[in-house]
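Just so it is clear, the values below take in all heavy atoms, side chains as well, and ignore hydrogens, waters and symmetry mates.
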Amino acid sequence: MSGRNTALTPPADATAPVRHPDAPAPGELLGAHYEHCFGCGEDQPHGLHLESRAGEGVRVTAEFTVRPAHQGAPGLAHGGVLATALDETLGSLNWLLRVIAVTGRLETDYLRPVPVGTVLYLEAEVTAVAGRKIYSTAVGRIGGPGGPVAVRADALFIEVKVDHFIENGRPEEIRAAMAEPDQVRRARAFEVNP
């Protein structure tokens, strides 16, 4: 896209992304990485409850329904909520690479309003990897995969170690996540940008 920020342009030595052999299978529901996550967590009453599915290659799809709690202008989704949906979808790509990463930069374009009650269908893919930097792009369509494009984003994620969360998160949430008896749920709490 012309006029895009050069920080979101992969360097010449970037490589094509490679799906990890242990990544979820295409079509598999990824599920919430953390039940209190505003984007995907089931324990957030006003959250997006976004559901992501693994796609082919290093791609995912996701959906969420815009509810009254998500509005900015009367009857329309708040732009920050739409950016959150894009960020959550882009972050779920890291499950396919099997890395822990956080958002370094997110640039969002708003192309049309998204009414309350709308199902926003999102598609995202990793376009390149350069060291710890992961470049990706996403688009959100109204109503389904063939619907009109409402939002799109380009993003840069930075691979981090779990210490990033342990050292910077609120201690009580970190302790609760680390004390989770289910080993899989404990690990997943830190797999995606919270």
- prompt: For the residue pair Leu93 and Ala124, what are the closest heavy atoms and their distance?
  reply: CD2-O, 3.6 Å
- request: Could you walk me through whether Ile134 and Asn94 pass the side chain to side chain contact (heavy atoms under 4.5 Å, CB included) test, one step at a time?
  value: CA-CA 9 Å; Ile134 302 163; Asn94 297 314; 3.5 Å; yes
- request: Please report the shortest heavy-atom distance between Leu156 and Ala7, naming the atom on each side.
  value: CD2-O, 4.0 Å
message: Quick check: is Val81 connected to Val139 through a chain of hydrophobic side chains (ILVMFWY, heavy atoms under 4.5 Å apart)?
response: no
Closest approach of Val60 to Ala54 (non-hydrogen atoms, all atoms of both residues): CG1-CA, 4.3 Å
message: Going by salt bridge (charged side-chain N to carboxylate O under 4.0 Å, His left out), name the pairs with one or both residues in residues 130-144, residues two or more places apart or in two chains.
response: Glu123-Arg141
- line: side-chain contact (heavy atoms from CB on, under 4.5 Å) filter on Pro21, not counting sequence neighbours, yields none
- prompt: Where do Leu90 and Ala155 come nearest, in terms of heavy atoms and distance?
  reply: CD1-CB, 3.7 Å
message: To check you understand the geometry: which heavy-atom pair defines the closest contact between Gln71 and Gly75, and what is its length?
response: OE1-N, 2.7 Å
- prompt: Transitively linked via ILVMFWY side-chain contacts under 4.5 Å: Leu82 with Tyr121?
  reply: no
Set of residues satisfying side chain to side chain donor-acceptor pair (under 3.5 Å) with respect to Arg59, sequence neighbours excluded: Glu125
task: Give, for atom CZ of Arg19 and atom CH2 of Trp95, the distance between the pair rounded to the nearest 0.5 Å.
output: 13.0 Å
- prompt: Do you know which two heavy atoms are closest between Gly140 and Leu86, and how far apart they sit?
  reply: N-CD2, 4.4 Å
message: Consider side chain to side chain contact (heavy atoms under 4.5 Å, CB included). Of Leu76, Thr118, Ile142, which one does Pro113 pass it with?
response: Leu76
